[in-house]
Amino acid sequence: MINRIWLTLQFKDESTIFVKQVVCRTVPSMENNTNDDPQEVIKQENHEQPEDNCPMTNAWKIIGGKWKLLILNAISQECPARFGELRKKMQDITQTTLTAQLRELERDGILSRKIYAESPPRVEYKLTELGKTLIPVMQVLSDWGNNYCKVTKANS
């Protein structure tokens, strides 16, 4: 059995992202170690996909995932919010995951972070002006979730 190592290349040309998958090398399995030389490209595929193919996809890239909306909701209820307070409110999230999600939201312009030079260090997170525009969206989602719970309980 031969395993192939794939290399995925992405490059951008104006408004289109091109993705190419290329077999760079085949690796023989342990049981049939007869050919360990690199081989030429065997297969090449082109996938053209517009960068901004759907507004919903773009929104989901920013707020999607298991924790982001919960983090944003917690910060919107108590703004500014300290890292430790967020960690206490969401006990099921690991510190690493919380840190990663906060950094992504900060990178995307949804949150701002302020670090105080104290001992121990204090970090506060606030919604940016762009982040505040998500509050009505979160409220609509919350209302929908409440309605869904009522409907499904009534039908049970």
Side-chain angles (χ1 to χ4, degrees), residues 3-25 27 41-156:
N3 296 317
R4 291 189 171 100
I5 298 174
W6 290 86
L7 174 65
T8 302
L9 305 170
Q10 288 188 356
F11 57 95
K12 187 175 175 180
D13 180 23
E14 293 179 17
S15 65
T16 306
I17 292 180
F18 298 94
V19 178
K20 288 187 178 187
Q21 283 192 327
V22 180
V23 175
C24 312
R25 177 183 171 114
V27 180
V41 173
I42 295 173
K43 184 177 180 181
Q44 195 169 9
E45 297 176 10
N46 286 328
H47 302 285
E48 292 184 18
Q49 182 178 21
E51 183 178 1
D52 295 323
N53 60 345
C54 176
M56 185 66 76
T57 301
N58 292 333
W60 191 249
K61 286 178 186 177
I62 306 299
I63 61 170
K66 183 176 180 179
W67 297 105
K68 285 186 179 176
L69 284 173
L70 297 173
I71 292 167
L72 291 171
N73 188 50
I75 293 172
S76 71
Q77 290 176 359
E78 188 176 326
C79 193
R82 294 179 62 180
F83 183 87
E85 294 166 352
L86 291 171
R87 183 78 173 92
K88 287 176 189 173
K89 284 183 181 180
M90 293 177 276
Q91 295 177 358
D92 293 338
I93 190 172
T94 65
Q95 183 169 338
T96 305
T97 302
L98 178 59
T99 300
Q101 299 291 285
L102 288 167
R103 286 184 181 161
E104 287 178 19
L105 290 165
E106 183 185 7
R107 177 200 65 204
D108 294 332
I110 306 301
L111 293 179
S112 65
R113 177 176 65 155
K114 186 170 183 179
I115 303 169
Y116 294 89
E118 299 175 353
S119 183
R122 179 171 52 127
V123 180
E124 290 182 343
Y125 293 91
K126 290 179 19 176
L127 292 171
T128 62
E129 290 304 314
L130 181 60
K132 290 176 185 176
T133 64
L134 285 169
I135 293 173
V137 174
M138 292 187 298
Q139 185 59 50
V140 168
L141 285 171
S142 180
D143 293 345
W144 184 88
N146 286 334
N147 187 49
Y148 177 81
C149 289
K150 290 176 187 174
V151 169
T152 55
K153 283 181 183 177
N155 293 336
S156 298

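- Looking only at distances, no side-chain donor or acceptor of S142 sits under 3.5 Å from a matching main-chain atom of Q139.
- The pair R113-E106 counts as a salt bridge, with a side-chain nitrogen and a carboxylate oxygen less than 4.0 angstrom apart.
- For the pair P80/K114, no side-chain contact is recorded, criterion being any heavy-atom separation below 4.5 Å from C-beta on.
- Closest approach of C79 and Y125 over heavy atoms only: SG-O, 4.5 Å.
- With hydrogens and angles ignored, the 3.5 Å screen pairs a side-chain donor or acceptor of T152 with a backbone N or O of Y148.
- One finds the CG atom of L127 at 9.0 Å from the CG atom of L105 (value rounded to the nearest 0.5 Å).
- The side-chain contact (heavy atoms from CB on, under 4.5 Å) test with I110 is passed by exactly one of I71, I75, L72, T133: L72.
- Using a distance-only test at 3.5 Å, with no hydrogens or angles considered, no donor-acceptor pair links the side chain of K68 to the main chain of Q101.
- For R122, the CZ atom counts as densely surrounded, since its 6.0 Å shell holds more than 12 non-hydrogen atoms of other residues, nucleotides or ligands.
- In summary, the side chains of T96 and T99 do not present any donor paired with an acceptor at a separation below 3.5 Å, with no hydrogens or angles considered.
- Shown here for M138 and L69, the closest heavy-atom pair between the two residues is CG-CD2, 3.9 Å.
- The side-chain heavy atoms of W67 and D92, taken from C-beta on, include a pair separated by under 4.5 Å.
- In terms of modelled atom types and a separation under 3.5 Å, the side chain of N155 and the main chain of V151 share a donor-acceptor contact.
- Of the possible polar contacts, none joining the T128 side chain to the S112 backbone as a donor-acceptor pair under 3.5 Å is found.
- Using a 4.5 Å heavy-atom threshold, the side chains of N58 and K61 count as touching.
- You'll find the side chain of F83 reaches within 4.5 Å of the side chain of Q95, heavy atoms only.
- Between V123 and L102 the shortest side-chain heavy-atom distance does not fall below 4.5 Å.
- I63 is listed as a side-chain neighbour of L134, based on a closest heavy-atom distance under 4.5 Å.
- With respect to E124 and K126, no salt bridge is recorded, no charged nitrogen being found less than 4.0 Å from a carboxylate O.
- Residues C149 and N146 form no side-chain contact, since every pair of their non-hydrogen atoms from C-beta on lies 4.5 Å or further apart.
- E85 places a side-chain N or O within 3.5 Å of a backbone atom of R82 that can act as its donor or acceptor partner.
- To the nearest 0.5 Å, atoms CD1 (I93) and CG (L70) are separated by 8.5 Å.
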